2 protein chains.
Amino acid sequence: MGYHLRDVVGRAIEVLDEYGLESLTMRRLAAELGLQPSALYHHVPNKQTLLAAIADEILRRGRRERRAADWDRRAVEVCANLRDAMLAYRDGADVVITAYTFGLGASEPAGELREALREGGLSGNVAEVGTRALLHLTFGYTAEEQAALQAAGAGAIDWEPAGGGDFEAGIELLLDGLRSKVHR
Amino acid sequence: MGYHLRDVVGRAIEVLDEYGLESLTMRRLAAELGLQPSALYHHVPNKQTLLAAIADEILRRGRRERRAADWDRRAVEVCANLRDAMLAYRDGADVVITAYTFGLGASEPAGELREALREGGLSGNVAEVGTRALLHLTFGYTAEEQAALQAAGAGAIDWEPAGGGDFEAGIELLLDGLRSKVHR
DNA sequence: ACCTGAACACCGTTCAAGT
DNA sequence: ACCTGAACACCGTTCAAGT
């Protein structure tokens, strides 16, 4: 017997996906594991750290292989993969974005984007600005989309959930700007 | 005697700015007003509604006149104004973005952006995608910047706060993409 | 109309103690 | 190493009652 960190994180993701972030409390998670709340603090120093570990695991599970050869197609691929990974679990966007804001996650997609833009011939500064812009767009669209999807699923809602078309269109708009900065 | 909604919202913004969003509890706010917690529910149906009212007031107070004549300069103006308004209060970005996500605020900047892009000759769909992209970029950059600023102010931090230059650069990147979509 | 007092059903976290 | 039991210092919200 005796749980390990990965068991705790795994169960936390189940609770998150089934009942939502607002129901993912330390007490609720402990009960779900048949433990006292205080027992969780043997595996994790606090709730924020647990949420960061959940964010990492969500991204790890959603990670797909890169196939595109061109730098701009690969940038789209990274963003679309990030979006899909977050959409795969209830409130996934919330959890991942919060962890990223606290400097505790999503560093891998950022690194991949920066690499792609540099490979495309963009200067260090433009690649940096472009990377952050692509990440912010991906986070923003996905958070909005997931909120709309969940609101629609929960009941009364009027404004249509937008879908993935608008997301890709937004990313392409930014890539248009980036491509114009490539000096041949 | 007897408070009105605007007194409650005003005091809430003071508490927010001085002690941060995590300290802005209904109980704390009530104490600050010399009231019982239950008294707040006479002015506001719940905390979420109060936060939306705070977001509205933050944007109202930060609102500046529009001066730019060109559509693209005015779009930058709207975004920069939105950013400044959020940065003016501690955790302002958090509060405004959350309200926007719940469909309870920031509808005015969105309307102004849409109008500017349409005036620039962009089709309805491109204007819509562009508006959302500009908003997401503004929100993302500002939230990240404010988090970094506050982390730097609180003590140990290494990564530099980025500043407004990167923000404008990101917005310009997107405008490059939008300008290329204007058919003359 | 605006507020009090008391309660309900929760939180995250700490800490001594057990095995 | 992993967990229990009990406590501390809080939350948002409801509701009967007062003026």
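None of these values were measured; they are calculated from a predicted model. Order of the sequence lines sets the chain letters (A, B, ...), proteins ahead of strands, with each chain counted from 1. Heavy-atom basis, side chains included; hydrogens, waters and symmetry copies ignored.
- If you take NE2 of A:H43 and P of D:dA1, they are 12 Å apart, rounded to a whole angstrom.
- Side-chain contact between B:Y89 and B:D94 is absent, with no heavy atoms from C-beta onward closer than 4.5 Å.
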Whenever both distances are under 3.5 Å in a Watson-Crick or G-U wobble pair, mark it; put DNA chain C into dot-bracket that way, with [ ] for crossing pairs and | when the partner is on another strand. ||.|||||...|||||.||
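- The side-chain heavy atoms of A:L174 and A:L137, taken from C-beta on, include a pair separated by under 4.5 Å.
- Atoms OH (A:Y3) and P (D:dC3) sit 8 Å apart, rounded to a whole Å.
- Taking atom P on both C:dA9 and D:dA9, the two are 23 Å apart, rounded to the nearest angstrom.
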Does the protein touch nucleotides 4-17 of chain C at the base, only the backbone, or not at all? Give it as B, S and - per nucleotide, heavy atoms under 4.0 Å. BB-B---BBBBB--
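- Residues A:D91 and A:Q150 are in side-chain contact: their nearest non-hydrogen atoms beyond the backbone lie under 4.5 Å apart.
- Atom-to-atom, CG of B:D7 to C1' of C:dC2 comes out at 13 Å; the value is rounded to the nearest Å.
- Aromatic ring centres of A:Y3 and A:H43 lie farther apart than the 6.0 Å criterion allows.
- Between A:F139 atom CZ and A:R83 atom CZ the span is 14.0 Å, to the nearest 0.5 Å.
- Applying the side-chain hydrogen bond (donor to acceptor under 3.5 Å, both in side chains) test to residues at least two apart or on different chains, the pairs with a partner in residues 102-111 of chain A are A:R63-A:E108.
- In this structure the side chain of A:L178 never reaches within 4.5 angstrom of the side chain of A:D72, judged on heavy atoms.
- Between B:R6 and B:E57, the closest side-chain pair of non-hydrogen atoms is not below 4.5 Å.
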